[in-house]
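Written out below as structure tokens is the structure these notes cover.
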Amino acid sequence: MKKTFLFLVLLAMAVFPLSAQDTLPAPTSYRVNGVTFNMVRVEKGSFWMGAQHIDTAEFNYDRHAQSDEAPVHHVSLREDFYIGQTEVTQKLWKAVMGYNPSKHKCPKRPVTNVNYFEVQEFMRVLDSLTGMHFRLPTEEEWEFAARGGNHSRGYIYSGGDEAKRVAWHNGNARKTKKVKKRNGNELGIHDMSGNVWEWCSTTYKFYDKQRNMSLGKEGEMQAIRGGAWQLPEKSCRVAWRGKRLPELKNSFGGFRLCLDASYVETEPEATE
């Protein structure tokens with residue numbers, strides 16, 4: 001009897017990701033100058049944000065947790081939002097901006113060598129072509145989506161506990177890779193672990209007020225997430241945080257689009 005019960009439990013765990021994704025709505029597609037890109041709906045919800053390496057019995061234990069990922073704290077997102085199924089590709093960037101700044105050129109790879117201000121300009125042009133209001137995700141939105149939203153199974157990386165199945169990092173890549181070549185997460189979102197790190201709209205701050213006093217306002221940095229092909233495997237964890245000056249750009253940094261659900265509900269037809 002016990003063996004039968006254990007078998008049923010293991011079978012349910014094995015099919016859960018497929019069942020969960022099968023019940024999710026299809027991504028919303030947009031087309032700009034002949035290029036199609038997909039946005040995945042993330043339903044509002046609550047989660048424990050961050051990670052800690054002190055107590056295995058507490059929320060979000062991770063032996064690789066860094067000091068700025070603590071304290072683990074409860075976050076509630078009160079509105080649905082949409083996030084890019086993949087990082088913005090070189091093909092999409094070129095369709096909107098007319099050029100490709102990336103070092104390792106390939107239409108299906110993430111665009112790189114774009115700083116925070118250039119990303120803002122890209123979104124302004126994209127808005128003018130679609131009638132929408134695209135933006136970067138906040139850190140909270142990014143981590144919630146990376147964890148699988150309300151369908152999260154508590155993985156260390158986005159989509160699993162084995163980095164090699166879901167991420168490109170400096171142990172298995174020497175340059176950017178085509179998007180969607182690694183397993184997606186519980187929401188069907190790809191490459192939130194590895195490939196290129198991603199700009200967030202959030203200005204980098206510690207999670208506790210006392211440490212923020214030492215940051216000051218000069219030289220404020222933007223939060224980045226997700227790890228990258230040139231960074232170690234542990235940087236691909238969903239809780240990992242990085243920071244960069246907004247004018248910085250390199251061959252392993254890119255971004256992912258975000259959109260308030262309210263804009264999609266009154267979605268105008270995209271132009272080409």
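Bear in mind that the values here come from a model prediction, so they are computed numbers and not experimental data.
- The OG atom of Ser262 sits 10.0 Å away from atom CG of Asp80, with the distance rounded to the nearest 0.5 Å.
- With Asn100 as reference, Gln90 is the one residue of Lys94, Gln90, Lys105, Lys91 to meet the side chain to side chain donor-acceptor pair (under 3.5 Å) rule.
- In terms of modelled atom types and a separation under 3.5 Å, the side chain of Ser102 and the main chain of Thr112 share a donor-acceptor contact.
- A search for side-chain contact (heavy atoms from CB on, under 4.5 Å) contacts involving Gln85 returns Pro27, Asn38, Val40, Lys180, His190, not counting sequence neighbours.
- Using a 4.0 Å cut-off between a side-chain N of Lys or Arg and a carboxylate O of Asp or Glu, Lys243 and Asp68 do not qualify as a salt bridge.
- A salt bridge does not link Arg241 with Glu69: every distance from a Lys NZ or Arg NE/NH1/NH2 to an Asp or Glu carboxylate oxygen is 4.0 Å or more.
- Note on Asp208 versus Arg211: salt bridge recorded, some NZ/NE/NH1/NH2 to OD/OE distance being below 4.0 Å.
- Rounded to the nearest 0.5 angstrom, Asn33 CG and Leu92 CG are separated by 9.5 Å.
- Ring geometry, Trp229 versus Phe252: the interplanar angle exceeds 60°, so the pair is classed perpendicular (tilted spans 30 to 60°).
- Glu79 pairs by the side-chain contact (heavy atoms from CB on, under 4.5 Å) definition with nothing, not counting sequence neighbours.
- Within the model, atoms CG of Asn185 and OH of Tyr155 stand 10.0 Å from one another, a figure rounded to the nearest 0.5 Å.
- A donor-acceptor contact shorter than 3.5 Å links the side chain of Ser235 to the backbone of Pro232.
- Within the model, atoms CG of Leu126 and NE2 of His133 stand 11.5 Å from one another, a figure rounded to the nearest 0.5 Å.
- Residues passing the ring pair (Phe, Tyr, Trp, His ring centres under 6.0 Å) test with Phe122 are Trp93, Phe255, sequence neighbours excluded.
- More than 12 non-hydrogen atoms from other residues, nucleotides or ligands lie less than 6.0 angstrom from CD of Glu247.
- Judged by the 6.0 Å distance and 45° axis criteria, Arg182 is positioned over the aromatic ring of Trp168.
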* To do: Could you walk me through whether Arg109 and Val179 pass the side-chain contact (heavy atoms from CB on, under 4.5 Å) test, one step at a time?
  => CA-CA 6 Å; Arg109 290 177 184 165; Val179 298; over 6 Å; no

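- Considering only residues two or more places apart in sequence or on other chains, Tyr207 meets the ring pair (Phe, Tyr, Trp, His ring centres under 6.0 Å) condition with His73.
- Geometrically, Arg244 engages Trp197 in a cation-pi contact, judged by NZ or CZ lying under 6.0 Å from the ring centre and within 45° of the ring axis.
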* To do: Might you work through the ring-ring contact (aromatic ring centres under 6.0 Å, His included) test for Tyr30 and Tyr82, ending with a clear yes or no?
  => CA-CA 12 Å; Tyr30 295 90; Tyr82 282 74; 8.0 Å; no

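- Judged by distance alone, the side chain of Gln222 and the main-chain N or O of Cys200 form a donor-acceptor pair under 3.5 Å.
- Lys249 meets the side-chain hydrogen bond (donor to acceptor under 3.5 Å, both in side chains) test with Glu118; sequence neighbours excluded.
- Side-chain N/O atoms of Ser158 and Ser193 include no donor and acceptor closer than 3.5 Å.
- Distance check, rounded to the nearest 0.5 Å: CE of Met39 to CD1 of Ile189 gives 9.5 Å.
- With hydrophobic clusters built from ILVMFWY side chains whose heavy atoms lie under 4.5 angstrom apart, Val119 shares a cluster with Val88.
- Applying the side-chain contact (heavy atoms from CB on, under 4.5 Å) rule to Glu198 yields the partners Glu87, Trp142, Arg256; only residues at least two apart in sequence or on another chain are considered.
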